[in-house]
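Right, one structure below, let's go through it.
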Amino acid sequence: MLEVKGLSKHFGGIRAVDNCSFSAEKGRITALIGPNGAGKTTAFNCISRTMTPTAGEVWLDGERIDHLRPHRITAKGLSRTFQISRNLADMTVLENVICQSKISGWRDLFKPAMSPSEIDKAMAILDFLGITRIAHEDGSNLSYGQKKLMDLAALLMSDPKIILLDEPAGGVNPTLLEEIVGHIRALNDKGMTVLIVEHNMELIMRLSHRVVVMAQGTVIADGTPEEVQKNPAVLEAYLGGALEDAA
Ligand SMILES: Nc1ncnc2c1ncn2[C@@H]1O[C@H](COP(=O)(O)OP(=O)(O)OP(=O)(O)O)[C@@H](O)[C@H]1O
């Protein structure tokens with residue numbers, strides 16, 4: 001279980017994340033939603049320690065992890081994707097998957113580029129995601145959606161027990177979106193804990209077991225998809241009524 005306690009990240013006078021507490025239960029899919037600028041990505045950055053929090057604690061399976069460096073957090077079993085796909089220039093998908101998964105600790109940079117066991121593992125992951133056909137494609141030739149799948153493959157190389165997905169469906173066509181949903185479900189069925197930031201409300205409402213809602217840096221609601229959809233504070237935060245439309 002991932003527990004976030006009193007997490008804050010301030011940028012000068014901007015309280016991007018302000019005393020937030022929530023958890024992602026083991027084996028469940030938890031969504032972190034909220035309007036633009038609510039602080040979701042900043043919270044992800046603090047949890048995965050790509051940013052140093054101003055205050056607060058992050059616990060993973062009873063162990064405090066907020067003081068650890070990102071590669072140590074990955075080694076503890078927490079991995080994340082980024083909103084913008086990361087793609088290493090002039091590398092194939094297979095090379096990207098292996099190398100991206102290595103950019104976690106500087107010592108790894110001195111290991112041989114790709115060991116046979118890593119290639120086997122990466123190919124098995126590409127197979128699971130149904131993208132072995134693009135294994136030897138140049139990463140820069142991929143569609144936006146294929147890059148999202150490549151990122152997911154790189155994430156799985158570290159054998160995570162919890163994955164943080166930052167907008168996995170953003171900018172993806174409807175067919176691929178269903179594929180990505182299927183993969184997230186399949187991973188969750190295998191016991192993987194998922195914390196997901198996503199703007200696609202319809203997707204969030206049918207995929208998540210639990211939804212945490214942020215607005216202006218704070219948690220304003222936390223409950224089942226049905227509960228948060230009816231919550232007046234949530235509807236107020238989404239002034240356009242996007243949640244009602246998704247219901
Ligand atoms: N490095 C930074 N320096 C200053 N302000 C920042 C920085 N990163 C984020 N912010 C501000 O913090 C607030 C929260 O941003 P954040 O990106 O975490 O929100 P979000 O909920 O992920 O938004 P979106 O859904 O649009 O991606 C915003 O006001 C943003 O402008």
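Just so you know, ligand 1 is whichever comes first in the structure, and atom 1 is the first atom listed for that ligand.
- For the pair Val213 and Val211, the minimum side-chain heavy-atom distance is below 4.5 Å.
- Formation of a donor-acceptor pair under 3.5 Å by the Asn188 side chain with backbone atoms of Gly27 is found in this model.
- Side-chain contact, Ser48 with Arg80: a donor N or O sits under 3.5 Å from an acceptor N or O.
- We find that Asp61 and Lys161 are joined by a salt bridge, their nearest charged nitrogen and carboxylate oxygen being less than 4.0 Å apart.
- Residue Met51 has no nitrogen or oxygen atom sitting less than 3.5 Å from a nitrogen or oxygen atom of ligand 1, judged on distance alone.
- In terms of N/O distances under 3.5 Å, ligand 1 is approached by Gly37.
- At a heavy-atom distance under 4.0 Å, only side-chain atoms of His199, from C-beta outward, approach ligand 1.
- Within the 4.5 Å cutoff, side-chain heavy atoms of Val97 are placed close to those of Met150.
- Ligand 1 does not have Gly34 within reach: every non-hydrogen atom of the residue lies 4.0 Å or more from it.
- The shortest N or O to N or O distance between Ala43 and ligand 1 is not below 3.5 Å.
- Near Ala38, meaning under 4.0 Å from any of its heavy atoms, are these atoms of ligand 1: 19 (O), 20 (P), 21 (O).
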